[in-house]
Colleague: 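Please find one structure pasted underneath; my questions will follow.
We name chains A, B, ... by the order of the sequence lines, and we start the count at 1 in each one.
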Amino acid sequence: MSERGGNRPREQFDFLDVPVELAARRLLGCELHRELDGELLRVRIVETEAYDQDDPASHSHRGPTPRNRAMFEAAGHLYVYLSHGIHYCCNVVTGRAGYGSGVLIRAVEPLEGEASMEARRGRGGFELTNGPGKVGQALGIDRSLTGHDLALAPLRLIERPVLPPEAIATSIRVGISKAAELPRRFYVRGNPYVSRFHGAPS
DNA sequence: TGGACGATTGACT
DNA sequence: GTCAATCGTCCAA
């Protein structure tokens, strides 16, 4: 889908062709631009979790399936899955094509189009986008966007400068049973849109 | 082919 | 703090 001279990711997303924990850190502060119903919604990523195929907690751990195949695309694609039959959760695919890795977008901070997101969510304030299912609902994302190229409309990923290390906190991940002890959750320290704290910090 | 389970959320006690 | 909602996936049989 994204092959351009073999397994090389596109230059635009080279910053995500790194080990997934590093990509998860680099995505903090980056923006998502969603075009929906003729409107532009802009958000900043403030909380992420890293998953890759060597991680028992990852959907890609058992190899490619029709459901998770997007995780095996090149960096800069989107992987969407349905959680608990109710919520759509978004991941930014990282690493090389053929290697199943991605970063779950757990929370974002609204920058533009907040009223529209509130209407879609049915509530506002910090509960607008402080969880993975909430992000999907606020931005109107569903499984039709899985495998989407984040260089293109209607959903684009915009790189932003890497945050200083002291601005980023680390903890164990939320809501998983396998490899639950791994410190693979990252969030912007002090940001009000970060989801409720669940795990031990490190 | 059946059934257990989940990278969650929100309502309710 | 507890628990129901809700359905696509995956694996065991």
Side-chain angles (χ1 to χ4, degrees), chain A residues 16 19-28 30 32 43 45-73 75 77-95 99-110 117-148 150 157 169-188 192-202:
Chain A
L16 296 177
V20 67
E21 299 98 325
L22 179 55
R25 287 176 167 276
R26 289 180 172 180
L27 280 167
L28 293 175
C30 292
L32 288 172
V43 299
I45 298 169
V46 299
E47 180 178 347
T48 60
E49 283 181 358
Y51 292 89
D52 69 30
Q53 66 183 44
D54 297 321
D55 172 3
S58 173
H59 291 171
S60 60
H61 182 58
R62 295 169 189 273
T65 68
R67 173 209 196 189
N68 66 20
R69 62 182 166 71
M71 285 190 81
F72 294 81
E73 295 286 344
H77 287 79
L78 187 72
Y79 167 53
V80 182
Y81 69 91
L82 178 63
S83 177
H84 292 261
I86 302 172
H87 305 288
Y88 293 108
C89 301
C90 307
N91 298 249
V92 174
V93 176
T94 64
Y99 185 76
S101 60
V103 173
L104 172 67
I105 307 303
R106 282 198 58 86
V108 301
E109 172 182 4
M117 293 184 233
E118 287 179 3
R120 200 167 290 102
R121 283 272 302 122
R123 65 185 64 202
F126 65 87
E127 292 201 328
L128 183 63
T129 50
N130 65 338
K134 302 177 187 185
V135 172
Q137 186 180 20
L139 297 180
I141 291 169
D142 64 27
R143 264 199 353 239
S144 70
L145 281 169
T146 207
H148 172 72
L150 288 170
L157 174 67
T170 304
S171 86
I172 60 172
R173 292 171 292 186
V174 177
I176 58 172
S177 51
K178 303 168 196 160
E181 73 289 353
L182 295 182
R184 286 187 136 193
R185 171 177 178 243
F186 306 94
Y187 58 96
V188 178
Y193 288 91
V194 170
S195 68
R196 178 169 88 68
F197 182 73
H198 292 72
S202 66

Colleague: Categorize A/L82 for me: base, sugar-phosphate, or nothing, with a 4.0 angstrom heavy-atom threshold over every strand shown.
Modeller: sugar-phosphate
Colleague: Do the side chains of A/R25 and A/T170 get nearer than 4.5 Å, heavy atoms only?
Modeller: yes
Colleague: With the side chain counted from C-beta on, respond yes when A/Y51 and A/H61 share a heavy-atom pair under 4.5 Å apart, and no when they do not.
Modeller: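 A/Y51 does not reach A/H61 side chain to side chain.
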Colleague: Stems in DNA chain B: runs of 3 or more consecutive Watson-Crick or G-U pairs, distances under 3.5 Å?
Modeller: B:1-6 with C:7-12, B:8-12 with C:1-5
Colleague: Between A/I176 and A/K134, name the one whose nearest nucleotide on DNA chain B is closer to the 5' end.
Modeller: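 Its nucleotide being nearer the 5' end, the pick is A/I176.
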Colleague: Taking the P atom in each of C/dA4 and B/dA4, what is the distance between them to the nearest angstrom?
Modeller: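 Their P atoms lie roughly 16 Å apart.
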Colleague: Without decimals, in angstroms, what is the distance between A/I86 CD1 and B/dC5 C1'?
Modeller: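 Those two atoms, CD1 and C1', are 13 Å apart.
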Colleague: Rounded off to whole Å, could you give me the NE2-to-P distance for the A/H87 and B/dG6 pair?
Modeller: 15 Å
Colleague: Any chance you could measure A/S101, atom OG, to A/F72, atom CZ, to the nearest 0.5 Å?
Modeller: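 Interatomic distance, A/S101 OG to A/F72 CZ, rounded to 0.5 Å: 9.0 Å.
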Colleague: From CD of A/Q53 over to C1' of B/dA7, roughly how many Å is that when rounded to an integer?
Modeller: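 To the nearest whole Å, that distance equals 17 Å.
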Colleague: Using atom OH of A/Y79 as one end and atom C1' of B/dA7 as the other, report the distance to the nearest whole Å.
Modeller: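 After rounding, the gap between these two atoms is 9 Å.
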Colleague: Minimum heavy-atom separation for A/A24 and A/T48, please, with both atom names.
Modeller: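 Shortest heavy-atom separation between A/A24 and A/T48 comes out as O-OG1, 3.0 Å.
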Colleague: Out of the candidates A/I45, A/I105, A/L78, only one should pair with A/L157 under the side chain to side chain contact (heavy atoms under 4.5 Å, CB included) rule; please name it.
Modeller: A/I45
Colleague: How close or far is atom P of B/dT9 from atom CG of A/L128, stated in whole angstroms?
Modeller: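 It is 13 Å, rounded to the nearest whole Å.
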Colleague: Does A/V103 reach the side chain of A/F186, with side-chain heavy atoms less than 4.5 Å apart?
Modeller: no
Colleague: Contact boundaries of DNA chain C with chain A (under 4.0 Å, heavy atoms), 5' to 3'?
Modeller: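 Result: C/dA5 to C/dC11.
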Colleague: Is it the case that the side chain of A/R121 and the backbone of A/L128 share a donor-acceptor pair, with hydrogens and angles ignored and the cut-off at 3.5 Å?
Modeller: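 Here the side-chain-to-backbone pair exists.
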Colleague: Quick one: A/E47 CD to B/dT8 C1', roughly how many Å, whole number?
Modeller: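 One finds 13 Å between C1' of B/dT8 and CD of A/E47, rounded.
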Colleague: Respond yes when some side-chain nitrogen or oxygen of A/H59 is under 4.0 Å from OP1 or OP2 of B/dA7, and no when none is.
Modeller: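 True: A/H59 side-chain N/O within range (under 4.0 Å) of B/dA7 OP1/OP2.
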Colleague: Classify A/R184 by what it touches in the nucleic acid, base, sugar-phosphate, or nothing, heavy-atom distance under 4.0 Å.
Modeller: nothing
Colleague: Counting side-chain heavy atoms from C-beta on, which of B/dG6, B/dG10, B/dA7 comes nearest to A/R106?
Modeller: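 Nearest to the side-chain atoms of A/R106, counting from C-beta on, is B/dA7.
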Colleague: Over how many whole Å does the gap from A/R173 atom CZ to B/dT8 atom P extend?
Modeller: 11 Å
Colleague: Measure the shortest side-chain to side-chain distance between A/S58 and A/R184 over non-hydrogen atoms and say whether it is less than 4.5 angstrom.
Modeller: no
Colleague: Output yes when at least one side-chain N/O atom of A/R123 is less than 4.0 Å from OP1 or OP2 of B/dA11, else no.
Modeller: yes
Colleague: Among B/dA7, B/dG10, B/dG6, which is the nearest nucleotide to the side chain of A/Y51?
Modeller: B/dA7
Colleague: Rounded to whole angstrom units, what separation is found between the CZ atom of A/R185 and the C1' atom of B/dT8?
Modeller: 14 Å
Colleague: Let's go through A/Y88 and A/L139 carefully: what are the C-alpha distance in whole Å and the side-chain angles of both, what is the deciding distance for side chain to side chain contact (heavy atoms under 4.5 Å, CB included) to 0.1 Å, and is it a yes or a no?
Modeller: CA-CA 10 Å; A/Y88 293 108; A/L139 297 180; over 6 Å; no
Colleague: Ignoring hydrogens, what is the shortest heavy-atom contact between A/T94 and A/G102? Give both atom names and the distance.
Modeller: OG1-N, 3.7 Å
